[in-house]
Structures are given as structure tokens and as C-alpha cells.
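The structure under discussion appears below in the form of C-alpha cells.
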Amino acid sequence: MEEKMITGKKHGMAALFGILLLFALSIAALIAGGMIIDSSGNPVLFIIAIFGLGAAIILCGGLKVLKPQEALVLTLFGKYMGTLKEDGFYFVNPFCSSINPAAKTKLSQSGDVNNGGVVNSAANVSAEATSKKISLKIMTLNNSKQKINDCLGTPIEIGIAVTWRVVDTAKAVFNVDNYKEFLSLQCDSALRDIVRIYPYDVAPNVDTTGDGIADEGSLRGSSEIVAERIRGEIQKRVEEAGIEIVEARITYLAYATEIAAAMLQRQQASAVIDARKMIVDGAVGMVEMALERLGEKHIVELDEERKAAMVSNLLVVLCGNRDAQPIVNSGSLY
């Protein structure tokens, strides 16, 4: 379905004046022709006035007002006539009907959120009046968080925010049943497909690019790359719906609740090991420096056994997680 633009229909003001004039003439003719009670009226004029009023009422249906970044898809007896996209006051065939199958669809997105479900009657009337118009503005879809297994089978919870807009109104209306619900479902599906390629954190022997070489890609460390791949995957799926995906961002990422405590212990253990490794490396350097300085200054001569004892004592003092309790030896070293 190719989108057709309707141009040259901005005659709404002239049509409005013509309709008002027709109303005035019809009312005047109705009054003049309605004086048949005293036999001074004209029945023919009365019938013409009735038809004039009916025609004026019908012509009012052809008046269309569009604000910036709004579109109206028009059909005439089931045939697609075209789309109004430019803002202005239009007059079209009054028998044309506007179509927007997603008009009453409410998603967790900007422009579609009903705050608490309580809206006053005036807002309801306004919403109904503009329900058939398609917004061309950039909107944000924030689907609910999903629980997905990453490439290692670890369950995680992830949520994304997708900014999108309608670029082809004909495709959005006629190619899919409801373009908003279609977009929401495709976002969920694309998110699952991409997340299953990556581990939550960097893992060995994992290929996330598909080139057969292990890399360090992860959901936590490569969020920009993951978001771009999610955007591209969604775009491929919604191309036929006339939707453009502007951006996709990860808004929430965490381990699933059933394994969150265990993964926290794992991270804590990894942090402790890294800290201990750093402490040991520093302690070995300090012991080595102490032995070299003692040897250079000839302060004391130590055999291998005493050096081993000294190294052991220094490592205990430097690597311990508590303050050392020294024992002073006042006797001979040997």
C-alpha cells in the first residue's frame, strides 16, 4: 500500500462560509415556505428548504482541521483516497471517512497514558473528537520488564524504552491490524532475540558478534551496542507497518529475583579475591624489598631458614585482615 498525499484541499474557511450561507438561506426559505397554515406559504419552497438544511448538515462532515504533526487517512466507500498531513483547515468529500484502528489503544507510552484512569468529561469529548487522527510526533514506548535467559541460561530481568514515530500512514493503517499493538509485540520479540545472544556479564568463550571469535560483549558492559542491535532488529520487524524506530535504550537490567542473592554472593566473592590478590602482590613486593635492603645495609645476616621464617611472619602481618599482635623476643635470635 503506497501512501498518497492529498493537497490543494485547504478550502475549509470558504466552505464554512458557504455552509453558513446555505444554512441561513435554508432557514429563511423554511420560514417563508412554512406559512402554509394560512395558505400564504409555498410548499415547494418549504421542501427545498428542508433539502437545503440536510445538505448543509451533510457538508459539515467534510470540514477537517489538522494541527501540526497530525495526519488523517481518508477512505471513500472502502477505497483509500489519500492522507492529509499538513496542518490547516480542509474541506473534503463529506462522505469520506477517517480511519485509525489504533485510536483507542492504550499503551505505556507518551501521548497514550491515561493517568489513573480518571479523566474529566471534556477531555473524553476532546479525545473522541481527535481519535481518528494519527500522531506523527516522536513517541516513547516503555513496555513492561521481561524475564529472559541470557546466552548462559541465567535468568535476568530487562526493560527497554523505544522512541518511534509513524512515517507512512497508509502502511500503518492498512498493512497491520493495529500498529501500536504490533509495535509493542515486536519490541518484546526483538528484545528476547537479542538478549539471548549476550551474557549478563563478561564470560569466557562467548561469541556475541557471530564472527566465530570469542569477545567481551555483555549486557552490562556493552549496553550501547546492545541497544543499537535491539533498535535495528525492531526496525526490520516494523518496516511494513510504516513505523520508524528512532532510538532504543535499556532502562532496567538486573538478575532475576530467584538468583539475585546467589549472584550477589558470587560478585562479592570475586571482589574479595581480586582485593586479596592485590594485597598479596603488594606484600610480596614489600617482603622482597625488605630482604634486599637488609642485605645491602648488612644489618643482619640471615640463613635460608631464618629468611623463610621472616618472609612467613611478614606475609602474615601484611596479608592479615586484623591488626597484628606482635610477640617481642628479648633473647638471642639463635
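This one's a predicted model, so the numbers in the text were calculated from it and none came from an experiment. Numbering of residues begins at 1 and proceeds along the displayed sequence.
In plain terms, the two heavy atoms of Cys151 and Pro199 that are nearest each other are SG-N, 3.3 Å. The two residues Ala227 and Ala248 come nearest to each other via the heavy atoms CB-O, 3.2 Å. Summarising the geometry of Val166 relative to Leu136, their closest heavy-atom pair is O-CD2, 3.6 Å, with the distance given to 0.1 Å. Considering all non-hydrogen atoms of both residues, Ile160 and Asn142 come closest at O-OD1, 3.3 Å. The shortest non-hydrogen separation linking Ala71 to Leu66 is C-CD2, 4.4 Å. Closest approach of Gln146 to Leu191, counting heavy atoms only: NE2-CD2, 3.2 Å.
The 12-atom threshold is exceeded at CG of Leu45, counting heavy atoms of other residues, nucleotides or ligands nearer than 6.0 Å. More than 12 heavy atoms of other residues, nucleotides or ligands sit less than 6.0 Å from atom CG of Asp211. Heavy-atom neighbours of Glu244 CD from other residues, nucleotides or ligands within 6.0 Å: above the threshold of 12. The 12-atom threshold is not exceeded at CZ of Phe95, counting heavy atoms of other residues, nucleotides or ligands nearer than 6.0 Å. Shown here is Lys137, whose NZ atom has no more than 12 heavy atoms of other residues, nucleotides or ligands within 6.0 Å.
If you chain together ILVMFWY residues whose side-chain heavy atoms come under 4.5 Å of each other, Leu21 ends up grouped with Leu25.
Residue Glu70 forms a salt bridge (charged side-chain N to carboxylate O under 4.0 Å, His left out) with just one option from Lys132, Lys85, Lys133, and that option is Lys133. When each of Asn178, Asn143, Thr105 is checked for a side chain to side chain donor-acceptor pair (under 3.5 Å) with Ser184, only Asn143 meets the rule.
Note on ring orientation: taking the six-membered ring where Trp is involved, the planes of Tyr200 and Tyr255 are tilted (angle from 30° to 60°).
Taking hydrophobic clusters as Ile, Leu, Val, Met, Phe, Trp and Tyr residues chained together by side-chain heavy-atom distances below 4.5 Å, Leu72 shares a cluster with Ile6. No continuous path of hydrophobic side-chain contacts links Ile134 to Leu74 [ILVMFWY only; heavy atoms under 4.5 Å]. There is a path of hydrophobic side-chain contacts, each under 4.5 Å, that joins Leu253 to Ile148. Using a 4.5 Å cut-off between side-chain heavy atoms of Ile, Leu, Val, Met, Phe, Trp and Tyr, with links allowed through other members, Val92 and Ile57 fall into different hydrophobic clusters. Criterion: ILVMFWY side-chain heavy atoms under 4.5 Å apart, direct or through other members. Under it, Tyr198 and Val202 are not part of a common hydrophobic cluster.
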**OP:** Apply side-chain contact (heavy atoms from CB on, under 4.5 Å) to the pair Val73 and Asn100, showing each step before the final yes or no.
**Re:** CA-CA 7 Å; Val73 178; Asn100 182 6; over 6 Å; no
Subject >> Test log, rule side-chain contact (heavy atoms from CB on, under 4.5 Å), inputs Asn149 and Thr154 >> reply: CA-CA 5 Å; Asn149 291 342; Thr154 304; over 6 Å; no
**OP:** Kindly determine whether Asp168 and Asn175 satisfy side-chain contact (heavy atoms from CB on, under 4.5 Å), including the steps that lead there.
**Re:** CA-CA 10 Å; Asp168 192 314; Asn175 282 8; over 6 Å; no
**OP:** Run the numbers on Glu228 and Arg249 for salt bridge (Lys or Arg N to Asp or Glu O under 4.0 Å), then give the verdict.
**Re:** CA-CA 8 Å; Glu228 181 59 29; Arg249 291 290 178 184; over 6 Å; no
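Put simply, the side chain of Val238 reaches to within 4.5 Å of the side chain of Phe182, judged on heavy atoms. Within the 4.5 Å cutoff, the side chain of Leu183 has no heavy atoms near those of the Met139 side chain. Side-chain contact between Ile138 and Trp164 is absent, with no heavy-atom pair separated by less than 4.5 Å.
Legend: side-chain hydrogen bond (donor to acceptor under 3.5 Å, both in side chains) pairs involving residues 71-80, not counting sequence neighbours, sorted by first then second residue: Thr75-Ser97, Tyr80-Thr83. Annotation: side-chain hydrogen bond (donor to acceptor under 3.5 Å, both in side chains) contacts involving residues 86-95, sequence neighbours excluded, comprise Lys10-Glu86.
A salt bridge links Lys236 with Glu233: at least one charged nitrogen is closer than 4.0 Å to a carboxylate oxygen.
Interatomic distance, CD of Glu258 versus NZ of Lys147, reported as 4.0 Å (0.5 Å rounding). A distance of 9.5 Å separates CD1 of Ile27 from CG of Leu22, quoted to the nearest 0.5 Å. Between the CD1 atom of Ile197 and the CG atom of Leu219 there is a distance of 10.0 Å, given to the nearest 0.5 Å. A distance of 14.0 Å separates CZ in Arg196 from CG in Leu152, rounded to the nearest 0.5 Å. With rounding to the nearest 0.5 Å, the separation of CD1 in Ile243 from CD in Gln235 is 9.0 Å. Separation of atoms CD1 (Ile250) and CD1 (Ile158) is listed at 4.0 Å; rounding is to 0.5 Å.
Side chain of Thr163 to main chain of Glu247: a donor-acceptor pair is present (N/O by atom type, distance under 3.5 Å, no hydrogens or angles). Between the side chain of Arg165 and the backbone N or O of Val246, no donor-acceptor pair lies under 3.5 Å. Side-chain atoms of Ser222 never come within 3.5 Å of backbone atoms of Ile225 as a donor-acceptor pair (strictly under, hydrogens ignored). Looking only at distances, a side-chain donor or acceptor of Glu3 sits under 3.5 Å from a matching main-chain atom of Thr169. Not one N or O on the side chain of Asp150 forms a donor-acceptor pair closer than 3.5 Å with the backbone of Ile156.
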